[in-house]
Every structure is written in C-alpha cells, then in structure tokens.
There are 2 protein chains.
Amino acid sequence: MFSKLNRSHRASSVERHMNDFRRGKGWGAQIKRMGRRMTVPRRAIFKVVSNSSKHLSAEDIYMEIHKKYPGIGLTTIYRTLKLLVKTGLLIKHEFGEGCARYEYTAGKIKEHAHLICMSCGKVQDCSDIDIEKFGLDKISKEVSSRYSFNIKRKRLVFHGLCEECVKGGKK
Amino acid sequence: MFSKLNRSHRASSVERHMNDFRRGKGWGAQIKRMGRRMTVPRRAIFKVVSNSSKHLSAEDIYMEIHKKYPGIGLTTIYRTLKLLVKTGLLIKHEFGEGCARYEYTAGKIKEHAHLICMSCGKVQDCSDIDIEKFGLDKISKEVSSRYSFNIKRKRLVFHGLCEECVKGGKK
DNA sequence: ATAAAGATGAAAACTATTTACAAAAGTATT
DNA sequence: AATACTTTTGTAAATAGTTTTCATCTTTAT
Ligand SMILES: [Mn+2]
Ligand SMILES: [Mn+2]
Ligand SMILES: [Zn+2]
Ligand SMILES: [Zn+2]
C-alpha cells in the first residue's frame, strides 16, 4: 500500500517541471532552444513575474528579487525581461506611466483588456470578459481585410475611473 | 454688386477663426478659458499638429517648427503639447517606441483604432472603421457594468505586419 | 504706457533603459 | 572533475526622452 500510494500520487509542480524540461517543453526548455542558458537570475526573475498576478515594472521585480538575491543587478532584470518577452513567455505593456510593465500570460485568457484608473493609477486585468467573443473578433476581421493588415497582437485599454475612485476619492 | 459679393461670400478660415474666438469657441478660446495665454509658439505648434494627418513626435514637431521659427525651443514644444492634451485638443499616444506621439482628433472618428507595423514601424489610422458600431460598444458596456469602471477613453491597437511588409520586406 | 502674471529658452536635472567591458558562471567535452 | 568554450553577469558609464530651474521676455488687463 506504500508503493501504491507512491504510484498513484499526482505529479508535483517540481516533478512536472522536470518532466517538461526533459521533453523539451516548459519555459526552461524554450530558453535553451534559443541557445541561451538557464541561470540563477533567470530562474528567479521568471518565478517572480509568473507567480504574480500584477503587472510588474522592472523596478518592482528588482526590489522583490533583491530580498533573496541581493547580488542580482537591475541590468540583468532588464536583459532577462527582454529575453522572456522575445521568447513569448511575457508580455510587455506600456501604459504611459513612464515605465514598462510585464505580465506572464499563461493561464489567463489569451488577449484580455486592461483598465487603467486615471485617478489612482491602478492597472486592472479584465480577464472575466472574453473580448474576442464579445466583439473584438469582428473588428479584427474587418481590420485585416480592409487594411490587408496581418494582426499579430491586439491591445485594448480602457482609461477611466475605477470603482473606488468613483465612490471615494475626488481627485 | 461689389457689396453684394462681399456680403454673400463664405466666411474664410481666418474670419471663421476670429468669429469663433470672439464667441469663446475654437481652440484659442479654450486655451484662454483655462487662464492661459495665446502666444506665437502655441499658435505655431497647434497649427503643425492640427494640419498633419500623421502621428507626430515632439521631435517631429520641433523640426517642422524650426524651419519657420528657429527660436522656438524643444522645451516649449513639450510644454505646449502637455497643455494641448490637458485641454483635450490633442491625444497623446505611447505606442512603445520610446517617444510619445500626438494627434489632433477633431474631424476624425471619435475613437479610432491604430495599426502598428512590427516590421517597418509605421503607424496607421484605422479611421474607416467605426469601432464602436463594430462591437467595441458591447465590450465597453460589459466592462463598465462588470467592473463598475467609469470609462473615459478607449484605446484599441493592433500590432502586426502592414500590407507592404507582408508582401515585400521579409524582416 | 504700465504693471502683474504667465510663457519662453538655455542649460541642467531626471528617469527609464541600454551599452561597454572585464570577471564569473553555464555547458559540453574530455 | 578538470577543461575549454561561450554566454551571462555586475558595475559603471552612456543614452534618450522628457521635465525642471531660473532669469528674461511677452501677453494681457488696466
Ligand atoms: Mn493583464
Ligand atoms: Mn490616429
Ligand atoms: Zn482608481
Ligand atoms: Zn510595415
């Protein structure tokens, strides 16, 4: 019954990752496939971004990383983020605050809209609404046919006042 | 018959502007209403942006202005653009190129989408398509009700390959 | 014309991001 | 595990777009 327990248990996160890695799947393998190396800073940075549900800036990530790895520099953060974006693991957003923000997309609805509060600056995911099925697909079709434009990525951003700011704070 | 000609002629652009100005309409009056002054640099800058159909950067505007007014500095361009955006006369776009671009919106469809070519960098207006009527209105409704978000502005941007880049240039 | 407030230009300051370069770490091979 | 080769890194310096500072010049109301 001991062996039975062992055989029947679900693969842990770590085991799943190692399996993916051997099979050439998963983010680590994706990095390697590009001829790049798997390093401590890269692991740490990916972990921070992929475990966060927020939209983090390079500085945000740096400060988080710095707690555990005081040796990792901000330059490495920037370099790694660029790599992860190129690999397609992260999306880079420029909401007009003066700094870019990064987000890990796996697990979320493919293309989700964003709500930016003009008062408090909060960035909110709009993951409950499938914008494609809600009408964006029609616009996309029209755009690509009317302009012969090969759409690779869509960005839909709403600027306005978030719930709290409408109620409470004036300005 | 001379006087008749005079009386019946259509108001010229300049006359229309002066009338608007006296009545407190038009962009000049809007500036004044904010307690700001009408100056040579401001007139020149507004003229350049409002007469262009492109999305101009501060640098673009500066270079254009510089031909006629070599004395006007880049700082004034930035300051004036900020003022014109605050007044609502211009829209500021940040497409992720590292510099902001400005656009005069009057006369165009209220909220139009933008196409950014990932290969040549071209920014294209998508003014032929009324994105609201094409489905954005539905998404907006859903967003503002589901998230209690008071939408003030919408941005829809498509990144991909423009017609020329799909045909011709590989990368 | 005058005075008060606002706007300007030049230079300096800021800020997010990138680059240069020598040292350190990852990887494939022995 | 030592080697050799290449990539990655950390520090510091460099960029680039934009903002701030401040003394001088304009605009506008009187
Ligand atoms: Mn998001
Ligand atoms: Mn436009
Ligand atoms: Zn808010
Ligand atoms: Zn193109």
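Just so it is clear: chains get the letters A, B, ... in the order the sequence lines come, proteins before strands, and each one is counted from 1. Bear in mind the structure is a predicted one, so any value in this text is a computation, not a measurement.
Across the protein-nucleic acid pair, A:L83 atom CG and D:dT8 atom P stand 7 Å apart, rounded to whole Å. Between the OH atom of A:Y78 and the C1' atom of D:dT15 there is a distance of 13 Å, rounded to whole Å. What separates CD of A:E94 from P of D:dA16 is a distance of 17 Å, to the nearest Å. In this structure, CG of A:L74 is placed 11 Å from P of D:dG10, rounded to the nearest angstrom. The distance between atom CZ of B:R33 and atom C1' of D:dT28, rounded to the nearest whole Å, is 17 Å. In this structure, CE of B:M34 is placed 20 Å from P of D:dT27, rounded to the nearest angstrom. Protein atom NZ of A:K32 is 8 Å distant from nucleotide atom C1' of C:dG26, rounded to whole Å. Separating the NZ atom of A:K92 from the P atom of C:dT17 is a distance of 7 Å, rounded to the nearest angstrom.
If you check C:dT8, C:dT27, C:dA7 against the side chain of B:R36, the one that comes closest is C:dA7. If you check C:dG9, C:dT18, D:dG10 against the side chain of A:P41, the one that comes closest is D:dG10. Closest to the B:R37 side chain, of the nucleotides C:dT17, D:dT18, C:dG6, is C:dG6. You'll find that the side chain of A:V40 is closest to C:dG26, out of D:dT9, D:dT18, C:dG26. If you check C:dA7, C:dG9, D:dT8 against the side chain of A:T39, the one that comes closest is D:dT8.
When ring centroids are compared, B:F46 and B:Y104 come within the 6.0 Å threshold. Centroid-to-centroid, the aromatic rings of B:F95 and B:H114 come within less than 6.0 Å.
Between B:H66 and B:Y62, the ring-plane angle classifies as tilted under the 30° and 60° cut-offs.
Within the 4.5 Å cutoff, the side chain of A:I77 has heavy atoms near those of the A:I45 side chain.
DNA chain D is contacted by no residue of residues 44-69 of chain B, taking any non-hydrogen atom closer than 4.0 Å.
No salt bridge links A:K92 with A:E103; every basic N to acidic carboxylate O contact stays at or beyond 4.0 Å. Taking the charged nitrogens against the carboxylate oxygens, A:K167 and A:E164 have no contact shorter than 4.0 Å, which rules out a salt bridge.
Proximity of a side-chain donor or acceptor of A:D125 to a complementary backbone N or O of A:S127 within less than 3.5 Å is not detected. Checking side-chain atoms of B:S144 against main-chain N and O of B:K141 turns up a donor-acceptor pair under 3.5 Å.
If A:I31 and B:C99 are placed on DNA chain D by their nearest nucleotide, the residue sitting closer to the 5' end is A:I31. Comparing B:R42 and A:R43 along DNA chain C, the residue whose closest nucleotide (by nearest heavy atom) sits nearer the 5' end is B:R42.
In summary, of the residues considered (B:H93, B:E94, B:E111), a side-chain hydrogen bond (donor to acceptor under 3.5 Å, both in side chains) with B:R155 occurs for B:H93 alone.
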Can you check nucleotides 10-15 of chain C for protein contacts, nitrogen or oxygen pairs under 3.5 Å, and list what you find?
from: C:dA11; atom 1: N6; to: B:T75; atom 2: OG1; distance (Å): 3.4

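Each of B:Y102 and B:I116 belongs to its own hydrophobic cluster when Ile, Leu, Val, Met, Phe, Trp and Tyr are linked at side-chain heavy-atom distances under 4.5 angstrom.
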